**Student:** 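Take a look at the following structure, please.
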Amino acid sequence: MSAASALSKSASKTVPESTTPTADSSTLPVGQHGIKEHSDGRFGYVPVQTRSARFKSVNVADFEAVTGREAVWKHSPVAKFTDLTAGALDGSRYTVESTPSADVSVEWVPRTDARIGTAGLPEERAAANAWSAFDEALAVTVSGEEAKEITVTRSGLGTIARGAHTIIEAKPFSQATVILHNTGDARLSENVEIILGESANLTVVSLQEWDDSAVHLANHFASVGRDARLKHVVVSLGGSIVRVNPSVRLAGPGSDTLLLGLYFADAGQHLEQQVYVFHDAPRSRSRVNYKGALQGQDARTVWIGDVLIGNKAAGTDSYEQNRNLVLSEGTRADSIPNLEIETGDIVGAGHASATGRFDDEQLFYLQSRGITEEEARRLVVRGFLTEVVQQIGSPELEARLQLAIEAELIGTDDK
């Protein structure tokens, strides 16, 4: 835990300070990677002291080329998606399908839309590349106090490197569940902005059921207003490399967020989540619960959880946890929780992380009652992951996910 400055420029569209012409700075923008100008004109390295102080820019040119040594990239197979971090991206419209729902609009809006940039800004090159590339943003706008559900589906984006931008806005006092369903093939870098007005109640589910070769890099930025509640769910089952990083700013007094994650990594799959919760208002509350299973040679998962309780966040109540279940040899699960507190006036704060194998006693208990070892293993995994599924709040989606998990488990028996 460390004390540091509060979030700077988190809601600003201003590009960071101009690059310096001196050779020592290597043309880095002032502030990037801790580069700071001293009063005598010299530049030196000043370590970033807090998660909120990371360099931010909407311009891809403001970021250095990705090497894999950066803190934000060091767990990722960066050589496999250089087209998304360094290449030109297709930012044109793509085909989407959405289920009709009262009080919900789905439309394309120009880059000049006033909502763009209000929930957050890119902190790494892939996100900035997507931000620089998109022509129009897909906007999902929710109004009306009656609960409703809408599914927005993307499929068949192809193998062209794409950049995309999505806005999800919940008007004050509105209620809705928005499911972003991703299928087919893709090479996609995108930013999703989620904006909750006063007392809004919004669930956003990002469901990754991509084809085996797909690569998906996503950054979700959320701003939660006074007495509003955001439930954010990341479900990653398909794809070759899937990296969905949600950042939530609890901006209004009494704001609340529940961040859930469910993932199942097969052989050769890389599934990554870097979660950030910023308590920037009094009496805010957050809960983070991510659970995953790994099966097969070189199956890899990464979970990084950052929670920052700012100096204005008196009365904060926060807890985050990550659990991983290893089903075979040759897998790797990285789990890194971090907690920063800048005020002593909190209700509570904590974090937990655990990675382990099957509980032999559970398996023995089930086998002693006539259940085969294979079926006993499936029952244990289903019970482990179902805790997250049951909290989504969409009965139809929960049933679909139970079937998808069952299909994954049946597949493991054949490996």
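Computed from a prediction, not measured in an experiment: that's the story for all the values here. Residues take their numbers from the sequence shown, with the count starting at 1.
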**Student:** Side chains of E149 and T177 only: does a donor on one sit below 3.5 Å from an acceptor on the other?
**Tutor:** no

**Student:** Show your working on side chain to side chain contact (heavy atoms under 4.5 Å, CB included) between L180 and I168 and close with a plain yes or no.
**Tutor:** CA-CA 10 Å; L180 304 177; I168 303 174; 4.0 Å; yes

**Student:** Identify the heavy atoms of I309 and A349 that sit nearest to each other, and give their distance.
**Tutor:** CD1-CB, 3.7 Å

**Student:** With the side chain counted from C-beta on, respond yes when L397 and L207 share a heavy-atom pair under 4.5 Å apart, and no when they do not.
**Tutor:** yes

**Student:** Is a donor on one side and an acceptor on the other found under 3.5 Å between the side chain of N191 and the backbone of A127?
**Tutor:** yes

**Student:** Looking at every heavy atom in both E136 and R93, which two are closest together, and how far apart are they?
**Tutor:** OE1-NE, 2.6 Å

**Student:** Of all the heavy-atom pairs spanning G184 and W210, show the shortest one and how long it is.
**Tutor:** O-CE3, 3.4 Å

**Student:** Just by modelled atom types, is the V72 backbone N or O under 3.5 Å from a matching donor or acceptor in the Q274 side chain?
**Tutor:** yes

**Student:** Could you walk me through whether V106 and L138 pass the side chain to side chain contact (heavy atoms under 4.5 Å, CB included) check?
**Tutor:** CA-CA 7 Å; V106 180; L138 182 68; 3.8 Å; yes

**Student:** To the nearest 0.5 angstrom, please state how far the CD atom of E375 sits from the CZ atom of R382.
**Tutor:** 5.5 Å

**Student:** Answer whether the closest heavy-atom distance between the side chains of I405 and L262 falls below 4.5 Å.
**Tutor:** yes

**Student:** Let me know which of K74, R243, K56 forms a salt bridge (Lys or Arg N to Asp or Glu O under 4.0 Å) with E124.
**Tutor:** R243

**Student:** Please round to the nearest 0.5 Å and tell me the distance separating atom OG of S98 and atom NE2 of H181.
**Tutor:** 14.0 Å

**Student:** For a 4.5 angstrom cut-off between non-hydrogen side-chain atoms, does Y290 reach T301?
**Tutor:** no

**Student:** Is the side chain of R125 donor-acceptor paired with the backbone N or O of V60 at a distance under 3.5 Å, no angle test?
**Tutor:** yes

**Student:** With the side chain counted from C-beta on, respond yes when N59 and S132 share a heavy-atom pair under 4.5 Å apart, and no when they do not.
**Tutor:** yes

**Student:** Does CG belonging to D212 count more than 12 external heavy atoms closer than 6.0 Å?
**Tutor:** no

**Student:** With rounding to the nearest 0.5 Å, note down the distance linking OG in S57 to CG in D62.
**Tutor:** 3.5 Å

**Student:** Using the test side-chain contact (heavy atoms from CB on, under 4.5 Å), find all partners of T141 that sit at least two apart in sequence or belong to another chain.
**Tutor:** S105, R115, E169, K171

**Student:** Have a look at R287 and tell me which of D256, T257, D317 forms a side chain to side chain donor-acceptor pair (under 3.5 Å) with it.
**Tutor:** D317

**Student:** Checking Q269 side chain against L237 main chain: does a donor-acceptor pair fall under 3.5 Å?
**Tutor:** yes

**Student:** Among I241, D185, D83, exactly one meets side-chain contact (heavy atoms from CB on, under 4.5 Å) together with V215. Which residue is that?
**Tutor:** I241

**Student:** Do the side chain of R378 and the main chain of L409 share a donor and acceptor less than 3.5 angstrom apart?
**Tutor:** no

**Student:** Can you name the nearest heavy-atom pair linking R54 to D306, along with the distance?
**Tutor:** NH2-OD2, 4.3 Å

**Student:** May I ask you to decide if A404's main-chain N or O and E408's side chain share a donor-acceptor pair within less than 3.5 Å?
**Tutor:** no

**Student:** Are any side-chain N or O atoms of K148 and backbone N or O atoms of Q175, one a donor and one an acceptor, separated by less than 3.5 Å?
**Tutor:** yes

**Student:** Using a 3.5 Å distance criterion without hydrogens, assess whether the side chain of R249 forms a donor-acceptor pair with backbone atoms of F221.
**Tutor:** no

**Student:** Inspect the contact between D298 and R300 and indicate whether a charged nitrogen and a carboxylate oxygen are less than 4.0 angstrom apart.
**Tutor:** no

**Student:** Are N129 and S189 linked by a side-chain donor-acceptor pair shorter than 3.5 Å?
**Tutor:** no

**Student:** Passes side chain to side chain contact (heavy atoms under 4.5 Å, CB included), L250 versus V277? Steps please.
**Tutor:** CA-CA 8 Å; L250 295 169; V277 179; 4.2 Å; yes

**Student:** If I take atom OG from residue S206 and atom NE2 from residue H216, how far apart are they, to the nearest 0.5 angstrom?
**Tutor:** 6.0 Å

**Student:** Does any part of the side chain of W303, heavy atoms only, come nearer than 4.5 Å to the side chain of T355, both counted from C-beta?
**Tutor:** no

**Student:** Look at atom CD of E97 and say whether more than 12 heavy atoms of other residues, nucleotides or ligands are closer to it than 6.0 Å.
**Tutor:** no

**Student:** Do R187's NZ or CZ and the ring of F81 fall within the cation-pi criteria of under 6.0 Å and 45°?
**Tutor:** no

**Student:** Can you name the nearest heavy-atom pair linking K291 to F384, along with the distance?
**Tutor:** NZ-O, 2.9 Å

**Student:** Carefully, step by step, assess T343 and D345 under the rule side chain to side chain donor-acceptor pair (under 3.5 Å).
**Tutor:** CA-CA 6 Å; T343 176; D345 184 9; 5.6 Å; no

**Student:** Testing the basics here: between S353 and S335, what is the closest heavy-atom pair and its distance to 0.1 Å?
**Tutor:** OG-OG, 2.5 Å

**Student:** From Q297 CD over to S328 OG, what is the distance, rounded to the nearest 0.5 angstrom?
**Tutor:** 7.5 Å

**Student:** Cation over ring, R51 on Y276, under 6.0 Å and within 45°?
**Tutor:** yes

**Student:** Would you call D280 and K312 a salt bridge, taking side-chain N to carboxylate O under 4.0 Å as the test?
**Tutor:** yes

**Student:** Is there a donor-acceptor contact under 3.5 Å linking the side chains of S286 and S318?
**Tutor:** yes

**Student:** Side-chain contact, heavy-atom cut-off 4.5 Å: I346 with H279?
**Tutor:** no

**Student:** Please confirm whether the backbone N or O of D227 pairs with a side-chain atom of E198, one donor and one acceptor, at under 3.5 Å?
**Tutor:** no

**Student:** Taking E193 for its side chain and G117 for its backbone only, find out whether a donor-acceptor pair lies under 3.5 Å.
**Tutor:** yes

**Student:** For the residue pair V234 and Q208, establish whether any side-chain heavy-atom pair is separated by less than 4.5 Å.
**Tutor:** yes

**Student:** Could you give the distance from CG (N289) to CG (L259), rounded to the nearest 0.5 Å?
**Tutor:** 10.5 Å

**Student:** If you count heavy atoms of other groups shown closer than 6.0 angstrom to CZ of R357, is the number above 12?
**Tutor:** yes

**Student:** Please examine the side chains of D103 and V142, heavy atoms only from C-beta on, and report whether any two atoms are closer than 4.5 Å.
**Tutor:** no

**Student:** How far apart are the C-alpha atoms of Y263 and N324, what are their side-chain angles, what is the distance that settles it, and do they pass the side chain to side chain contact (heavy atoms under 4.5 Å, CB included) test?
**Tutor:** CA-CA 9 Å; Y263 48 94; N324 297 292; 2.5 Å; yes

